[in-house]
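Since the model is a prediction, treat every value here as computed from it, not as a measurement.
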Amino acid sequence: YTPGYDVWYLQAQKTILRRGGHVWSVFAQVDNLFDKGDVFRTNAAGEPIPNDFQIWIAPRTFQAGITMDLDFTR
């Protein structure tokens, strides 16, 4: 039995420059927005068993960057 869980991700992107076949964008992203923890197996009383997880969920992480897309069909 695997209990239900939700993990939320958020990403925003903005195009900042279009020139020729190049498109430059900036982005920001948050993975595991609400910092959901791992899903552990439970004992007969319904309590989680430490270090015995069914699903490992990475902690909240932040990313930001610049991307460049190329259009080779031009």
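Hydrophobic clustering, with ILVMFWY side chains joined whenever heavy atoms are under 4.5 angstrom apart, groups Ile57 together with Tyr9. Under the 4.5 Å side-chain heavy-atom criterion for ILVMFWY residues, no single connected hydrophobic cluster contains both Leu17 and Phe27. Val7 and Val30 sit in two unconnected hydrophobic clusters of ILVMFWY residues. Membership requires side-chain heavy atoms under 4.5 Å apart, directly or through other members. One hydrophobic cluster holds both Met68 and Ile16 under the rule that ILVMFWY side chains link at heavy-atom gaps under 4.5 Å.
Note: Leu33 CG to Asp6 CG = 12.0 Å, rounded to the nearest 0.5 Å. Atom-to-atom distance recorded for Ile49:CD1 and Gln54:CD is 9.0 Å, nearest 0.5 angstrom. Between the CH2 atom in Trp8 and the NZ atom in Lys36 there is a gap of 13.0 Å [rounded to 0.5 Å]. For the atom pair CD1 of Ile55 and CG of Asp38, the computed distance is 9.5 Å after rounding to the nearest 0.5 Å.
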Checking side-chain contact (heavy atoms from CB on, under 4.5 Å) for the pair Val23/Thr15: CA distance, chi angles, key distance, verdict?
CA-CA 7 Å; Val23 178; Thr15 298; 3.7 Å; yes
Just do the side-chain contact (heavy atoms from CB on, under 4.5 Å) check on Asn32 and Thr61 with the steps written out, would you?
CA-CA 7 Å; Asn32 195 359; Thr61 55; over 6 Å; no
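Side-chain contact between Leu70 and His22 is present, with at least one heavy-atom pair separated by less than 4.5 Å.
Between the side chain of Asp31 and the backbone N or O of Arg60, no donor-acceptor pair lies under 3.5 Å.
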